[in-house]
> 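Here you go, one structure.
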Number of protein chains: 2
Amino acid sequence: MSTQPISRRARPAKAPLSRDAIVRTGLDVLDRDGLDALTMRRVAKELDTGPASLYVYVANRDDLMAAMLDEALGQVRLTWEGTWQEQLQALTTAAVEAMSRHEGLAAVALGTIPTGDNALLVLDRMLALLKQGGLDDTTAAWAVDLLWLHTAAAATEQSTYNTKGADEETTVTAADRRYAALPADRYPMITSLRQALFSPGDRDTWSLNVLINGILHTPAR
Amino acid sequence: MSTQPISRRARPAKAPLSRDAIVRTGLDVLDRDGLDALTMRRVAKELDTGPASLYVYVANRDDLMAAMLDEALGQVRLTWEGTWQEQLQALTTAAVEAMSRHEGLAAVALGTIPTGDNALLVLDRMLALLKQGGLDDTTAAWAVDLLWLHTAAAATEQSTYNTKGADEETTVTAADRRYAALPADRYPMITSLRQALFSPGDRDTWSLNVLINGILHTPAR
DNA sequence: GGTAGGCAACGAACGGCGTTCGTGTCAAAC
DNA sequence: GTTTGACACGAACGCCGTTCGTTGCCTACC
(Lines give C-alpha, C1' and ligand atoms only; values in the text may rest on other atoms or scores of the structure.)
Protein backbone atom coordinates (compact mmCIF):
# COMPACT_ATOMS: atom_id res chain seq x y z
CA MET A 1 0.00 0.00 0.00
CA SER A 2 2.14 2.78 -1.28
CA THR A 3 1.55 6.21 0.10
CA GLN A 4 2.48 8.07 -2.96
CA PRO A 5 3.12 11.66 -2.00
CA ILE A 6 0.92 13.80 -4.16
CA SER A 7 2.95 16.59 -5.56
CA ARG A 8 1.71 19.89 -4.30
CA ARG A 9 2.78 21.41 -7.56
CA ALA A 10 -0.25 19.73 -9.09
CA ARG A 11 -2.36 22.49 -7.60
CA PRO A 12 0.10 25.28 -7.20
CA ALA A 13 -0.03 28.63 -5.56
CA LYS A 14 -2.83 27.65 -3.23
CA ALA A 15 -3.22 30.76 -1.14
CA PRO A 16 -2.46 30.06 2.49
CA LEU A 17 -5.37 30.11 4.88
CA SER A 18 -5.83 33.20 6.99
CA ARG A 19 -8.60 34.87 8.95
CA ASP A 20 -8.84 37.58 6.37
CA ALA A 21 -9.11 35.17 3.47
CA ILE A 22 -11.85 33.26 5.29
CA VAL A 23 -13.78 36.42 6.08
CA ARG A 24 -13.58 37.69 2.52
CA THR A 25 -14.58 34.32 1.13
CA GLY A 26 -17.51 34.32 3.53
CA LEU A 27 -18.68 37.65 2.15
CA ASP A 28 -18.27 36.32 -1.38
CA VAL A 29 -20.42 33.30 -0.69
CA LEU A 30 -23.00 35.40 1.15
CA ASP A 31 -23.32 37.91 -1.66
CA ARG A 32 -23.37 35.29 -4.37
CA ASP A 33 -25.70 32.66 -2.90
CA GLY A 34 -27.36 34.09 0.18
CA LEU A 35 -27.45 33.44 3.89
CA ASP A 36 -28.51 29.81 3.64
CA ALA A 37 -25.43 29.06 1.57
CA LEU A 38 -23.13 30.62 4.16
CA THR A 39 -22.04 27.43 5.86
CA MET A 40 -18.66 26.49 7.19
CA ARG A 41 -18.51 23.66 4.70
CA ARG A 42 -19.28 25.91 1.78
CA VAL A 43 -16.71 28.52 2.76
CA ALA A 44 -14.15 25.78 3.25
CA LYS A 45 -14.88 24.27 -0.14
CA GLU A 46 -14.49 27.68 -1.73
CA LEU A 47 -11.03 27.80 -0.17
CA ASP A 48 -10.31 24.28 -1.40
CA THR A 49 -10.10 22.76 2.06
CA GLY A 50 -12.26 21.07 4.68
CA PRO A 51 -14.45 22.73 7.29
CA ALA A 52 -12.19 21.75 10.17
CA SER A 53 -9.40 23.90 8.80
CA LEU A 54 -11.37 27.08 9.36
CA TYR A 55 -11.50 26.64 13.10
CA VAL A 56 -7.89 27.61 13.48
CA TYR A 57 -8.73 31.17 12.50
CA VAL A 58 -12.37 31.43 13.46
CA ALA A 59 -13.98 30.35 16.71
CA ASN A 60 -17.30 29.36 15.15
CA ARG A 61 -19.89 30.50 12.66
CA ASP A 62 -21.02 33.42 14.81
CA ASP A 63 -17.47 34.63 15.15
CA LEU A 64 -17.08 34.45 11.40
CA MET A 65 -20.23 36.46 10.84
CA ALA A 66 -19.16 39.10 13.34
CA ALA A 67 -15.86 39.43 11.50
CA MET A 68 -17.71 39.66 8.20
CA LEU A 69 -19.89 42.40 9.62
CA ASP A 70 -16.91 44.46 10.63
CA GLU A 71 -15.28 43.89 7.27
CA ALA A 72 -18.46 45.17 5.62
CA LEU A 73 -18.46 48.22 7.88
CA GLY A 74 -15.00 49.00 6.61
CA GLN A 75 -16.69 50.19 3.43
CA VAL A 76 -18.26 53.12 5.24
CA ARG A 77 -16.48 56.27 4.14
CA LEU A 78 -16.17 59.08 6.64
CA THR A 79 -16.59 62.59 5.27
CA TRP A 80 -16.26 66.11 6.62
CA GLU A 81 -18.56 68.18 4.42
CA GLY A 82 -21.79 69.92 5.33
CA THR A 83 -23.47 70.66 8.62
CA TRP A 84 -23.17 68.14 11.41
CA GLN A 85 -26.74 67.03 10.80
CA GLU A 86 -26.05 66.41 7.13
CA GLN A 87 -22.92 64.51 8.00
CA LEU A 88 -24.77 62.41 10.54
CA GLN A 89 -27.40 61.65 7.92
CA ALA A 90 -24.74 60.63 5.41
CA LEU A 91 -22.83 58.55 7.93
CA THR A 92 -25.90 56.65 9.11
CA THR A 93 -27.15 56.12 5.58
CA ALA A 94 -23.76 54.77 4.54
CA ALA A 95 -23.69 52.40 7.50
CA VAL A 96 -27.17 51.11 6.74
CA GLU A 97 -26.21 50.58 3.14
CA ALA A 98 -22.98 48.80 3.99
CA MET A 99 -24.73 46.40 6.33
CA SER A 100 -27.86 45.79 4.29
CA ARG A 101 -25.84 44.91 1.22
CA HIS A 102 -25.06 41.55 2.82
CA GLU A 103 -28.01 39.42 3.82
CA GLY A 104 -28.24 38.68 7.51
CA LEU A 105 -25.19 40.61 8.63
CA ALA A 106 -27.14 43.50 10.10
CA ALA A 107 -28.91 41.11 12.42
CA VAL A 108 -25.55 40.31 13.98
CA ALA A 109 -25.18 43.93 15.02
CA LEU A 110 -28.50 43.96 16.87
CA GLY A 111 -28.16 43.23 20.51
CA THR A 112 -24.41 43.32 20.42
CA ILE A 113 -22.40 46.14 21.89
CA PRO A 114 -20.16 47.00 18.94
CA THR A 115 -16.54 46.02 19.42
CA GLY A 116 -15.22 45.66 15.89
CA ASP A 117 -12.56 48.10 14.73
CA ASN A 118 -14.64 49.54 11.92
CA ALA A 119 -17.85 49.63 13.92
CA LEU A 120 -16.05 51.61 16.60
CA LEU A 121 -14.76 54.02 13.97
CA VAL A 122 -18.33 54.73 12.92
CA LEU A 123 -19.38 55.12 16.53
CA ASP A 124 -16.52 57.48 17.24
CA ARG A 125 -17.49 59.64 14.29
CA MET A 126 -21.11 59.67 15.41
CA LEU A 127 -20.05 60.84 18.84
CA ALA A 128 -17.90 63.59 17.36
CA LEU A 129 -20.79 64.87 15.26
CA LEU A 130 -23.20 64.83 18.19
CA LYS A 131 -20.75 66.75 20.35
CA GLN A 132 -20.32 69.17 17.46
CA GLY A 133 -24.08 69.63 17.68
CA GLY A 134 -23.66 70.92 21.21
CA LEU A 135 -24.99 67.96 23.16
CA ASP A 136 -23.75 67.20 26.64
CA ASP A 137 -21.79 64.00 27.20
CA THR A 138 -24.61 61.88 28.55
CA THR A 139 -27.09 62.85 25.87
CA ALA A 140 -24.51 62.23 23.18
CA ALA A 141 -23.75 58.82 24.64
CA TRP A 142 -27.39 57.78 24.81
CA ALA A 143 -28.00 59.23 21.37
CA VAL A 144 -25.26 57.16 19.77
CA ASP A 145 -26.78 54.10 21.39
CA LEU A 146 -30.15 54.90 19.86
CA LEU A 147 -28.70 55.79 16.48
CA TRP A 148 -26.75 52.57 16.33
CA LEU A 149 -29.81 50.54 17.24
CA HIS A 150 -31.81 52.29 14.57
CA THR A 151 -29.08 51.81 12.01
CA ALA A 152 -28.85 48.11 12.66
CA ALA A 153 -32.62 47.71 12.64
CA ALA A 154 -33.08 49.68 9.44
CA ALA A 155 -30.35 47.66 7.79
CA THR A 156 -31.94 44.41 8.90
CA GLU A 157 -35.24 45.48 7.42
CA GLN A 158 -33.63 46.65 4.19
CA SER A 159 -31.66 43.46 3.98
CA THR A 160 -34.69 41.21 3.98
CA TYR A 161 -36.26 43.25 1.21
CA ASN A 162 -33.06 43.19 -0.84
CA THR A 163 -32.79 39.45 -0.82
CA LYS A 164 -35.33 37.02 0.65
CA GLY A 165 -36.55 35.84 -2.72
CA ALA A 166 -39.41 38.20 -3.28
CA ASP A 167 -38.70 41.86 -3.97
CA GLU A 168 -40.09 44.71 -1.92
CA GLU A 169 -43.00 45.44 -4.20
CA THR A 170 -44.37 41.91 -3.94
CA THR A 171 -44.11 41.93 -0.16
CA VAL A 172 -45.80 45.30 0.14
CA THR A 173 -48.71 44.59 -2.15
CA ALA A 174 -49.30 41.31 -0.35
CA ALA A 175 -49.52 43.20 2.93
CA ASP A 176 -51.75 45.81 1.28
CA ARG A 177 -54.23 43.14 0.25
CA ARG A 178 -54.15 41.68 3.74
CA TYR A 179 -54.91 45.07 5.26
CA ALA A 180 -57.68 45.70 2.77
CA ALA A 181 -59.46 42.54 3.88
CA LEU A 182 -59.33 43.44 7.58
CA PRO A 183 -62.60 43.86 9.50
CA ALA A 184 -63.14 47.56 10.01
CA ASP A 185 -64.75 47.16 13.42
CA ARG A 186 -61.74 45.41 14.90
CA TYR A 187 -59.07 47.44 13.13
CA PRO A 188 -60.66 50.84 12.53
CA MET A 189 -57.50 52.90 12.25
CA ILE A 190 -55.63 50.54 9.97
CA THR A 191 -58.66 50.33 7.74
CA SER A 192 -59.22 54.06 7.51
CA LEU A 193 -55.54 54.96 7.21
CA ARG A 194 -54.61 52.15 4.88
CA GLN A 195 -53.82 54.46 2.01
CA ALA A 196 -51.44 56.52 4.13
CA LEU A 197 -49.81 53.37 5.51
CA PHE A 198 -48.62 52.33 2.09
CA SER A 199 -48.02 55.79 0.70
CA PRO A 200 -44.66 56.28 -0.99
CA GLY A 201 -42.01 58.70 0.22
CA ASP A 202 -38.55 58.76 1.69
CA ARG A 203 -39.27 57.25 5.07
CA ASP A 204 -35.64 56.52 5.84
CA THR A 205 -34.58 60.13 5.63
CA TRP A 206 -37.63 61.17 7.58
CA SER A 207 -36.85 58.63 10.29
CA LEU A 208 -33.36 59.94 10.70
CA ASN A 209 -34.67 63.49 10.92
CA VAL A 210 -37.08 62.34 13.60
CA LEU A 211 -34.23 60.88 15.59
CA ILE A 212 -32.03 63.94 15.25
CA ASN A 213 -34.81 66.37 16.05
CA GLY A 214 -35.95 64.23 18.92
CA ILE A 215 -32.47 64.01 20.35
CA LEU A 216 -32.14 67.77 20.21
CA HIS A 217 -35.43 68.22 22.06
CA THR A 218 -34.91 65.53 24.67
CA PRO A 219 -32.05 66.00 27.11
CA ALA A 220 -30.98 62.88 28.96
CA ARG A 221 -32.30 62.62 32.48
CA MET B 1 -46.94 -12.24 14.09
CA SER B 2 -49.76 -10.84 16.12
CA THR B 3 -50.55 -7.18 15.80
CA GLN B 4 -51.61 -6.67 19.31
CA PRO B 5 -53.56 -3.46 19.51
CA ILE B 6 -51.92 -1.35 22.14
CA SER B 7 -54.54 0.05 24.41
CA ARG B 8 -54.62 3.78 24.12
CA ARG B 9 -55.73 3.92 27.71
CA ALA B 10 -52.17 3.18 28.63
CA ARG B 11 -51.37 6.79 27.92
CA PRO B 12 -54.73 8.43 28.23
CA ALA B 13 -56.02 11.87 27.49
CA LYS B 14 -53.44 12.63 24.86
CA ALA B 15 -54.53 16.06 23.74
CA PRO B 16 -55.26 16.12 20.05
CA LEU B 17 -52.84 18.00 17.86
CA SER B 18 -53.77 21.51 16.79
CA ARG B 19 -52.05 24.64 15.60
CA ASP B 20 -52.70 26.30 18.92
CA ALA B 21 -51.31 23.42 20.93
CA ILE B 22 -48.17 23.40 18.78
CA VAL B 23 -47.70 27.14 19.14
CA ARG B 24 -48.13 27.05 22.89
CA THR B 25 -45.79 24.08 23.21
CA GLY B 26 -43.27 25.99 21.11
CA LEU B 27 -43.41 28.89 23.53
CA ASP B 28 -43.02 26.50 26.44
CA VAL B 29 -39.91 24.94 24.97
CA LEU B 30 -38.50 28.33 24.02
CA ASP B 31 -39.00 29.75 27.49
CA ARG B 32 -37.74 26.67 29.25
CA ASP B 33 -34.68 25.77 27.18
CA GLY B 34 -33.94 28.62 24.81
CA LEU B 35 -33.84 29.24 21.11
CA ASP B 36 -31.43 26.43 20.29
CA ALA B 37 -33.82 23.93 21.82
CA LEU B 38 -36.71 25.18 19.72
CA THR B 39 -36.58 22.51 17.03
CA MET B 40 -39.41 20.80 15.26
CA ARG B 41 -38.26 17.50 16.73
CA ARG B 42 -38.25 18.86 20.24
CA VAL B 43 -41.68 20.42 19.99
CA ALA B 44 -43.00 17.17 18.50
CA LYS B 45 -41.49 15.10 21.28
CA GLU B 46 -43.06 17.42 23.84
CA LEU B 47 -46.39 16.65 22.20
CA ASP B 48 -45.57 12.96 22.24
CA THR B 49 -45.42 12.60 18.48
CA GLY B 50 -42.98 12.79 15.58
CA PRO B 51 -41.81 15.90 13.73
CA ALA B 52 -43.71 15.04 10.57
CA SER B 53 -47.00 15.39 12.39
CA LEU B 54 -46.48 19.09 12.96
CA TYR B 55 -46.44 19.94 9.29
CA VAL B 56 -50.18 19.45 9.03
CA TYR B 57 -50.72 22.58 11.10
CA VAL B 58 -47.56 24.54 10.49
CA ALA B 59 -45.90 25.25 7.16
CA ASN B 60 -42.36 25.21 8.54
CA ARG B 61 -40.26 26.45 11.41
CA ASP B 62 -40.51 30.10 10.35
CA ASP B 63 -44.27 29.85 10.19
CA LEU B 64 -44.28 28.38 13.67
CA MET B 65 -42.13 31.17 15.03
CA ALA B 66 -44.33 33.82 13.41
CA ALA B 67 -47.34 32.24 15.06
CA MET B 68 -45.50 32.13 18.37
CA LEU B 69 -44.67 35.82 18.02
CA ASP B 70 -48.28 36.75 17.52
CA GLU B 71 -49.33 34.56 20.42
CA ALA B 72 -46.80 36.40 22.59
CA LEU B 73 -48.13 39.75 21.40
CA GLY B 74 -51.54 38.68 22.64
CA GLN B 75 -50.22 39.38 26.12
CA VAL B 76 -50.05 43.11 25.44
CA ARG B 77 -52.84 44.79 27.34
CA LEU B 78 -54.40 47.88 25.84
CA THR B 79 -55.29 50.66 28.25
CA TRP B 80 -57.04 53.99 28.05
CA GLU B 81 -55.59 55.98 30.94
CA GLY B 82 -53.38 59.03 30.85
CA THR B 83 -52.33 61.37 28.05
CA TRP B 84 -51.82 59.93 24.59
CA GLN B 85 -48.07 60.19 25.06
CA GLU B 86 -48.22 58.25 28.29
CA GLN B 87 -50.41 55.63 26.66
CA LEU B 88 -48.05 55.35 23.72
CA GLN B 89 -45.18 54.89 26.14
CA ALA B 90 -47.05 52.20 28.02
CA LEU B 91 -48.14 50.42 24.86
CA THR B 92 -44.67 50.35 23.37
CA THR B 93 -43.09 49.26 26.61
CA ALA B 94 -45.60 46.46 26.94
CA ALA B 95 -44.95 45.30 23.39
CA VAL B 96 -41.18 45.31 23.95
CA GLU B 97 -41.63 43.34 27.13
CA ALA B 98 -43.95 40.80 25.55
CA MET B 99 -41.57 40.15 22.69
CA SER B 100 -38.33 40.20 24.62
CA ARG B 101 -39.63 37.69 27.11
CA HIS B 102 -39.13 34.97 24.51
CA GLU B 103 -35.66 34.60 23.08
CA GLY B 104 -35.41 35.20 19.38
CA LEU B 105 -39.04 36.02 18.72
CA ALA B 106 -38.49 39.74 18.36
CA ALA B 107 -36.07 39.08 15.52
CA VAL B 108 -38.95 37.56 13.59
CA ALA B 109 -40.78 40.89 13.72
CA LEU B 110 -37.87 42.78 12.19
CA GLY B 111 -38.13 43.15 8.47
CA THR B 112 -41.62 41.74 8.36
CA ILE B 113 -44.66 43.87 7.73
CA PRO B 114 -46.85 42.81 10.65
CA THR B 115 -49.83 40.70 9.66
CA GLY B 116 -50.65 38.74 12.81
CA ASP B 117 -53.96 39.47 14.50
CA ASN B 118 -52.43 40.65 17.74
CA ALA B 119 -49.65 42.61 16.08
CA LEU B 120 -52.26 44.47 14.04
CA LEU B 121 -54.20 45.22 17.19
CA VAL B 122 -51.13 46.91 18.66
CA LEU B 123 -50.54 48.79 15.42
CA ASP B 124 -54.14 49.94 15.31
CA ARG B 125 -53.91 51.27 18.84
CA MET B 126 -50.67 53.06 18.02
CA LEU B 127 -52.32 54.74 15.07
CA ALA B 128 -55.27 55.81 17.20
CA LEU B 129 -52.96 57.38 19.77
CA LEU B 130 -50.94 59.21 17.13
CA LYS B 131 -54.09 60.60 15.53
CA GLN B 132 -55.24 61.62 19.00
CA GLY B 133 -51.98 63.57 19.17
CA GLY B 134 -53.12 65.61 16.22
CA LEU B 135 -50.85 64.18 13.51
CA ASP B 136 -51.92 64.11 9.91
CA ASP B 137 -52.51 60.75 8.26
CA THR B 138 -49.18 60.44 6.49
CA THR B 139 -47.10 61.42 9.49
CA ALA B 140 -49.07 59.03 11.67
CA ALA B 141 -48.50 56.23 9.16
CA TRP B 142 -44.78 56.83 8.93
CA ALA B 143 -44.57 57.22 12.68
CA VAL B 144 -46.16 53.87 13.37
CA ASP B 145 -43.67 52.32 10.97
CA LEU B 146 -40.81 53.85 12.89
CA LEU B 147 -42.26 53.00 16.28
CA TRP B 148 -42.78 49.39 15.29
CA LEU B 149 -39.24 49.13 13.97
CA HIS B 150 -37.91 50.59 17.19
CA THR B 151 -40.06 48.30 19.29
CA ALA B 152 -38.86 45.20 17.49
CA ALA B 153 -35.25 46.34 17.63
CA ALA B 154 -35.39 47.21 21.31
CA ALA B 155 -36.99 43.87 22.06
CA THR B 156 -34.35 42.02 20.09
CA GLU B 157 -31.63 43.79 22.05
CA GLN B 158 -33.34 43.15 25.37
CA SER B 159 -33.91 39.56 24.44
CA THR B 160 -30.24 38.77 23.95
CA TYR B 161 -29.44 40.30 27.31
CA ASN B 162 -32.20 38.36 29.01
CA THR B 163 -31.01 35.01 27.81
CA LYS B 164 -27.81 34.40 25.85
CA GLY B 165 -26.05 32.76 28.73
CA ALA B 166 -24.28 35.76 30.19
CA ASP B 167 -26.32 38.39 31.92
CA GLU B 168 -26.30 42.04 30.97
CA GLU B 169 -23.76 43.10 33.57
CA THR B 170 -21.14 40.67 32.31
CA THR B 171 -21.62 41.76 28.72
CA VAL B 172 -21.42 45.43 29.59
CA THR B 173 -18.32 45.25 31.74
CA ALA B 174 -16.61 43.21 29.04
CA ALA B 175 -17.35 45.97 26.55
CA ASP B 176 -16.22 48.57 29.07
CA ARG B 177 -12.85 46.89 29.38
CA ARG B 178 -12.55 46.68 25.61
CA TYR B 179 -13.29 50.39 25.28
CA ALA B 180 -10.83 51.24 28.02
CA ALA B 181 -8.03 49.54 26.11
CA LEU B 182 -8.74 51.45 22.90
CA PRO B 183 -6.02 53.70 21.41
CA ALA B 184 -7.00 57.27 22.12
CA ASP B 185 -5.59 58.61 18.88
CA ARG B 186 -7.77 56.38 16.72
CA TYR B 187 -10.88 56.54 18.87
CA PRO B 188 -10.70 59.93 20.60
CA MET B 189 -14.40 60.39 21.29
CA ILE B 190 -15.05 56.91 22.59
CA THR B 191 -12.03 57.21 24.82
CA SER B 192 -12.98 60.56 26.26
CA LEU B 193 -16.68 59.83 26.57
CA ARG B 194 -16.31 56.31 27.85
CA GLN B 195 -17.75 57.09 31.23
CA ALA B 196 -20.86 58.61 29.71
CA LEU B 197 -21.23 55.70 27.30
CA PHE B 198 -21.68 53.26 30.14
CA SER B 199 -23.53 55.59 32.50
CA PRO B 200 -26.67 54.18 34.02
CA GLY B 201 -30.12 55.63 33.48
CA ASP B 202 -33.41 54.78 31.86
CA ARG B 203 -32.37 54.82 28.23
CA ASP B 204 -35.48 53.02 27.04
CA THR B 205 -37.85 55.66 28.30
CA TRP B 206 -35.57 58.36 26.98
CA SER B 207 -35.46 56.71 23.55
CA LEU B 208 -39.22 56.61 23.35
CA ASN B 209 -39.42 60.25 24.33
CA VAL B 210 -36.92 61.04 21.60
CA LEU B 211 -39.10 59.29 19.08
CA ILE B 212 -42.30 60.99 20.23
CA ASN B 213 -40.73 64.43 20.39
CA GLY B 214 -39.05 63.89 17.07
CA ILE B 215 -42.26 62.80 15.42
CA LEU B 216 -44.02 65.90 16.72
CA HIS B 217 -41.28 68.13 15.33
CA THR B 218 -40.91 66.42 11.97
CA PRO B 219 -43.89 66.49 9.62
CA ALA B 220 -43.75 63.96 6.82
CA ARG B 221 -42.68 65.57 3.56
C1' DG C 1 -74.78 -2.17 8.83
C1' DG C 2 -71.51 -1.95 5.55
C1' DT C 3 -68.32 0.49 2.80
C1' DA C 4 -65.76 4.06 0.44
C1' DG C 5 -63.14 8.16 0.81
C1' DG C 6 -60.41 11.53 2.89
C1' DC C 7 -57.29 13.11 6.03
C1' DA C 8 -54.61 13.33 10.34
C1' DA C 9 -50.72 10.82 12.14
C1' DC C 10 -46.40 9.09 11.72
C1' DG C 11 -42.03 5.95 10.72
C1' DA C 12 -38.28 6.32 8.07
C1' DA C 13 -35.25 8.42 5.42
C1' DC C 14 -32.60 12.23 2.80
C1' DG C 15 -29.34 15.52 2.59
C1' DG C 16 -27.61 18.54 4.88
C1' DC C 17 -25.48 21.19 9.18
C1' DG C 18 -21.69 22.90 13.08
C1' DT C 19 -18.20 21.28 15.55
C1' DT C 20 -14.54 18.04 17.54
C1' DC C 21 -10.93 14.67 17.59
C1' DG C 22 -6.88 12.54 16.30
C1' DT C 23 -3.52 12.17 13.00
C1' DG C 24 -0.61 13.68 9.58
C1' DT C 25 2.84 17.17 7.61
C1' DC C 26 6.25 20.47 7.31
C1' DA C 27 9.14 24.32 8.49
C1' DA C 28 11.60 26.60 11.94
C1' DA C 29 14.42 26.20 16.26
C1' DC C 30 17.83 24.06 18.60
C1' DG D 1 19.87 15.79 12.64
C1' DT D 2 16.46 15.96 15.79
C1' DT D 3 12.75 18.09 18.19
C1' DT D 4 8.86 20.86 18.48
C1' DG D 5 4.81 23.06 17.62
C1' DA D 6 1.46 25.02 14.69
C1' DC D 7 -1.35 24.34 10.85
C1' DA D 8 -4.17 21.23 7.85
C1' DC D 9 -7.53 18.01 7.31
C1' DG D 10 -10.23 13.29 6.97
C1' DA D 11 -13.59 11.26 9.46
C1' DA D 12 -17.01 11.09 12.47
C1' DC D 13 -20.78 12.52 15.97
C1' DG D 14 -25.09 14.06 16.91
C1' DC D 15 -27.97 16.97 15.53
C1' DC D 16 -31.21 19.55 12.19
C1' DG D 17 -35.65 20.71 8.76
C1' DT D 18 -38.34 18.67 5.69
C1' DT D 19 -40.54 15.06 2.52
C1' DC D 20 -42.51 10.70 1.15
C1' DG D 21 -45.46 6.96 1.43
C1' DT D 22 -48.16 4.25 4.38
C1' DT D 23 -51.32 3.41 8.08
C1' DG D 24 -55.37 3.66 10.53
C1' DC D 25 -59.37 6.05 11.94
C1' DC D 26 -63.49 8.78 11.45
C1' DT D 27 -67.25 10.30 8.73
C1' DA D 28 -70.73 10.31 5.26
C1' DC D 29 -73.23 8.01 2.26
C1' DC D 30 -75.53 3.91 0.32
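In what follows, every chain begins at residue 1, and chains take the letters A, B, ... in the order their sequences are listed.
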> Report each atom pair, protein N/O against N/O of nucleotides 11-16 of chain C, whose distance is under 3.5 angstrom.
| residue | atom | partner | partner atom | Å |
| --- | --- | --- | --- | --- |
| C:dA13 | N6 | B:Arg41 | NH2 | 3.4 |

> Specify the closest pair of heavy atoms between B:Thr138 and A:Ser199, including all atoms of both residues, with the distance to one decimal.
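Result for this residue pair: CG2-OG, 4.1 Å.
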> Please report the distance, rounded to the nearest Å, between CZ in A:Arg61 and C1' in D:dC16.
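One finds 13 Å between C1' of D:dC16 and CZ of A:Arg61, rounded.
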> What integer distance in Å separates B:Met40:CE from C:dA9:P?
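Checked: the CE to P distance equals 14 Å.
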> What's the CG-P distance between A:Leu38 and C:dG18, to the nearest Å?
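Computing the A:Leu38:CG to C:dG18:P distance gives 8 Å.
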> How do A:Ala37 and A:Ala59 order along DNA chain C: which one's closest nucleotide is nearer the 5' end?
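Its nucleotide being nearer the 5' end, the pick is A:Ala37.
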> Starting at OH of B:Tyr55 and ending at P of D:dC16, how long is that distance when rounded to a whole Å?
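In whole Å, D:dC16 P and B:Tyr55 OH are 11 Å from each other.
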> Identify, with sequence neighbours excluded, every residue that meets side-chain hydrogen bond (donor to acceptor under 3.5 Å, both in side chains) alongside A:Gln87.
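Only A:Arg125 meet the side-chain hydrogen bond (donor to acceptor under 3.5 Å, both in side chains) criterion with A:Gln87.
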> Restricting to non-hydrogen atoms, name the atom on B:Asn162 and the atom on B:Ser100 that form the minimum distance, rounded to 0.1 Å.
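Looking at all heavy atoms of both residues, the closest pair is ND2-O, 3.3 Å.
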> Look at A:Tyr57 and D:dA8 and indicate whether a side-chain polar atom (N or O) is within less than 4.0 Å of OP1 or OP2.
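Yes, such a contact exists.
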> Between B:Asn209 and B:Gln89, does any side-chain donor sit less than 3.5 Å from a side-chain acceptor?
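B:Asn209 vs B:Gln89: donor-acceptor pair found between side chains.
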> Tell me: CG of B:Leu17 to P of C:dA9, nearest whole Å?
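Roughly 5 Å, once rounded to whole Å.
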> Taking atom C1' of D:dG17 as reference, at what distance in whole Å does atom CZ of B:Arg42 sit?
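Interatomic distance, CZ of B:Arg42 to C1' of D:dG17: 17 Å.
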> Could you check how far CD1 of A:Ile22 sits from C1' of D:dC7, rounded to whole Å?
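So the two atoms are 11 Å apart, to the nearest Å.
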> Might you work through the ring pair (Phe, Tyr, Trp, His ring centres under 6.0 Å) test for A:Phe198 and A:Tyr179, ending with a clear yes or no?
CA-CA 10 Å; A:Phe198 293 100; A:Tyr179 283 20; 5.3 Å; yes
> In whole Å, what is the span from the CG atom of B:Leu54 to the P atom of C:dC7?
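Rounding to the nearest Å, CG of B:Leu54 and P of C:dC7 are 20 Å apart.
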> For A:Met68 versus A:Leu38, what's the shortest heavy-atom pair and its separation?
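Distance-wise, the nearest heavy atoms are CE-CD2, 3.8 Å.
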